[in-house]
Amino acid sequence: MKIVIGCDPNAQQAKEELIRFMESKNYGEITDFGSEDPIYANTAVAVAEKVAAGEYDRGILICGTGLGVSISANKVKGAYAALLSDVYTAKRARLSNDANIACLGAFTTGDKLREELIDAFLTNEFVSGCSSQPKVDAFVKYESEHLK
C-alpha cells in the first residue's frame with residue numbers, strides 16, 4: 001500500500017509518531033508531505049490531489065481538530081476524506097463509504113487512539129457490491145455531474 005501523510009505545524013509530533021507506528025506495522029510505502037505550511041489547506045489539497053489521481057492508495061491528514069484538513073481535502077474531486085474520532089467510524093469510513101483519506105485531530109485524539117484509528121482505516125476495505133454500494137455510487141455520481 002502507498003500512503004501519503006501531511007499535517008500543519010501544530011500536528012508535526014502526532015504525524016511523526018504515526019509514521020513510526022505505520023512503519024512498525026509494515027503498512028507499506030509512506031511518503032511524508034511535511035508539516036511546514038501553516039495553511040493546512042495547502043497540505044490537505046496536495047495530499048488529496050495525489051490520492052484522487054491514484055498515485056497513493058490512502059492519505060492521512062492531521063491538524064488541531066482534523067476538521068480543517070477534512071473540509072479542505074473534500075474540495076478535491078475524487079478525494080473522500082473522513083474525520084475519524086472512534087474505531088467504529090474508522091472502520092465504517094472504509095467499509096461503508098470507501099473513504100480514501102483519514103483526517104485526525106492532534107489536539108482531540110491521544111497517541112494510542114490515533115494508532116487504533118489508523119489501524120482500522122488501513123486494514124479494512126470497501127467491498128464492491130455491498131449494501132453501501134448504492135450510497136457510494138450516489139455521491140460519486142453527483143460529484144461527476146457537478147464538480148469540475
Side-chain angles (χ1 to χ4, degrees), residues 1-128 130 132 135-136 138-140 142-143 146-148:
M1 183 182 312
K2 291 180 69 177
I3 303 163
V4 60
I5 187 169
C7 68
D8 69 2
N10 292 322
Q12 182 175 349
Q13 182 178 345
K15 179 195 70 175
E16 291 171 0
E17 290 168 0
L18 266 183
I19 290 172
R20 284 191 292 276
F21 169 74
M22 290 186 294
E23 288 172 343
S24 76
K25 300 286 267 185
N26 295 312
Y27 283 129
E29 178 185 328
I30 302 163
T31 301
D32 182 357
F33 268 33
S35 55
E36 294 77 32
D37 195 334
I39 308 299
Y40 57 72
N42 295 332
T43 302
V45 167
V47 166
E49 287 177 337
K50 296 297 185 181
V51 172
E55 294 179 38
Y56 294 90
D57 302 303
R58 301 278 189 286
I60 299 170
L61 292 166
I62 315 167
C63 68
T65 62
L67 290 167
V69 291
S70 177
I71 292 167
S72 300
N74 278 316
K75 301 298 181 194
V76 175
K77 185 176 181 177
Y80 306 114
L83 176 59
L84 307 181
S85 58
D86 60 81
V87 174
Y88 181 76
T89 300
K91 288 179 182 177
R92 298 321 302 181
R94 289 292 309 134
L95 293 170
S96 298
N97 297 284
D98 202 15
N100 53 13
I101 300 171
C103 299
L104 305 165
F107 302 154
T108 58
T109 56
D111 300 339
K112 182 67 175 160
L113 178 56
R114 278 192 298 274
E115 291 175 358
E116 292 173 354
L117 296 173
I118 290 304
D119 184 62
F121 185 77
L122 295 177
T123 59
N124 283 283
E125 292 295 330
F126 181 73
V127 178
S128 184
C130 69
S132 294
K135 300 165 195 168
V136 171
F139 67 70
V140 171
Y142 179 88
E143 176 184 66
H146 295 91
L147 301 180
K148 296 177 184 180

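Keep in mind the model is a prediction, meaning the values are calculated, not measured.
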Check your understanding: Hey, does the side chain of Asp8 reach the backbone of Pro38 with a donor-acceptor pair shorter than 3.5 angstrom?
Key -> no
Practice item. Measure the shortest side-chain to side-chain distance between Asp98 and Val140 over non-hydrogen atoms and say whether it is less than 4.5 angstrom. Key: no
Practice item. Mind running side-chain contact (heavy atoms from CB on, under 4.5 Å) on Phe33 and Tyr56 for me, showing each step along the way? Key: CA-CA 12 Å; Phe33 268 33; Tyr56 294 90; 4.2 Å; yes
Check your understanding: Donor-acceptor pair, Ser70 side chain versus Leu67 backbone, under 3.5 Å?
Key -> no
Review point. Does the Asn97 side chain pair with the main chain of Ala99, one donor and one acceptor, at a distance under 3.5 Å?
Key: no
Revision key, fill the gap. Sequence neighbours excluded, the answer for salt bridge (charged side-chain N to carboxylate O under 4.0 Å, His left out) partners of Arg92 is none
Practice item. Show the numbers, then the answer: is there a side-chain contact (heavy atoms from CB on, under 4.5 Å) between Arg58 and Arg94? Key: CA-CA 11 Å; Arg58 301 278 189 286; Arg94 289 292 309 134; 2.8 Å; yes
Study note, to complete from the structure: d(Glu125 CD, Asp57 CG) to nearest 0.5 Å is 8.5 Å
Point to revise | Side-chain heavy atoms of Tyr27 within contact of Thr123, under 4.5 Å | key: yes
Revision key, fill the gap. One should read off an interatomic distance between Leu113 CG and Ile118 CD1, to the nearest 0.5 angstrom, of 10.0 Å
Review point. What closest approach, in Å, do Ile62 and Lys15 show between heavy atoms, and which atom pair accounts for it?
Key: CD1-CA, 3.7 Å
Review point. In Å, rounded to the nearest 0.5 Å, how long is the span from CD1 of Ile3 to CD of Glu29?
Key: 9.5 Å
Study note, to complete from the structure: Lys91 meets the salt bridge (charged side-chain N to carboxylate O under 4.0 Å, His left out) criterion, sequence neighbours left out, with none
Review point. Given the rule in the salt bridge (charged side-chain N to carboxylate O under 4.0 Å, His left out) test, do Lys50 and Glu55 qualify, once you have shown the distances and angles that lead to the verdict?
Key: CA-CA 5 Å; Lys50 296 297 185 181; Glu55 294 179 38; 3.4 Å; yes
Review point. Do Thr109 and Leu84 have side-chain heavy atoms sitting under 4.5 Å apart?
Key: no
Revision key, fill the gap. Here the gap from Ile101 atom CD1 to Phe121 atom CZ, rounded to the nearest 0.5 Å, amounts to 7.5 Å
Review point. Between atom CG of Leu117 and atom CG of Asp86, what is the distance when rounded to the nearest 0.5 Å?
Key: 7.5 Å
Exercise for review: Quick one: list whatever passes salt bridge (charged side-chain N to carboxylate O under 4.0 Å, His left out) with Glu49, sequence neighbours left out.
Suggested key: none
Practice item. Return the minimal non-hydrogen interatomic distance between Asp111 and Glu17, and the atom names on each side. Key: OD1-OE1, 2.8 Å
Point to revise | Minimum heavy-atom distance Ile30-Ile19, with the two atoms named | key: CD1-O, 4.2 Å
Check your understanding: Where do Ala44 and Val69 come nearest, in terms of heavy atoms and distance?
Key -> CB-O, 3.7 Å
**Study point:** Reported NZ-to-CZ distance for the pair Lys112 and Phe21, which is rounded to 0.5 angstrom
**Key:** 7.0 Å
Exercise for review: Report the C-alpha distance between Asn10 and Phe107 in whole Å, list the side-chain angles of each, state the deciding distance to 0.1 Å, and finish with yes or no for side-chain contact (heavy atoms from CB on, under 4.5 Å).
Suggested key: CA-CA 9 Å; Asn10 292 322; Phe107 302 154; 3.6 Å; yes
Check your understanding: With a 4.5 Å heavy-atom cut-off, do Leu122 and Lys25 have their side chains touching?
Key -> no
Check your understanding: Does Asn100 reach the main-chain N or O of Ala79 with its side chain, forming a donor-acceptor pair under 3.5 Å?
Key -> no
Practice item. Mind listing the closest non-hydrogen atom pair of Thr43 and Cys7 along with its distance? Key: CG2-N, 3.7 Å
Point to revise | More than 12 heavy atoms from other groups under 6.0 Å of CD on Gln13 | key: no
**Study point:** Closest contact, heavy atoms only, Ser72 versus Tyr40
**Key:** OG-CE1, 3.8 Å
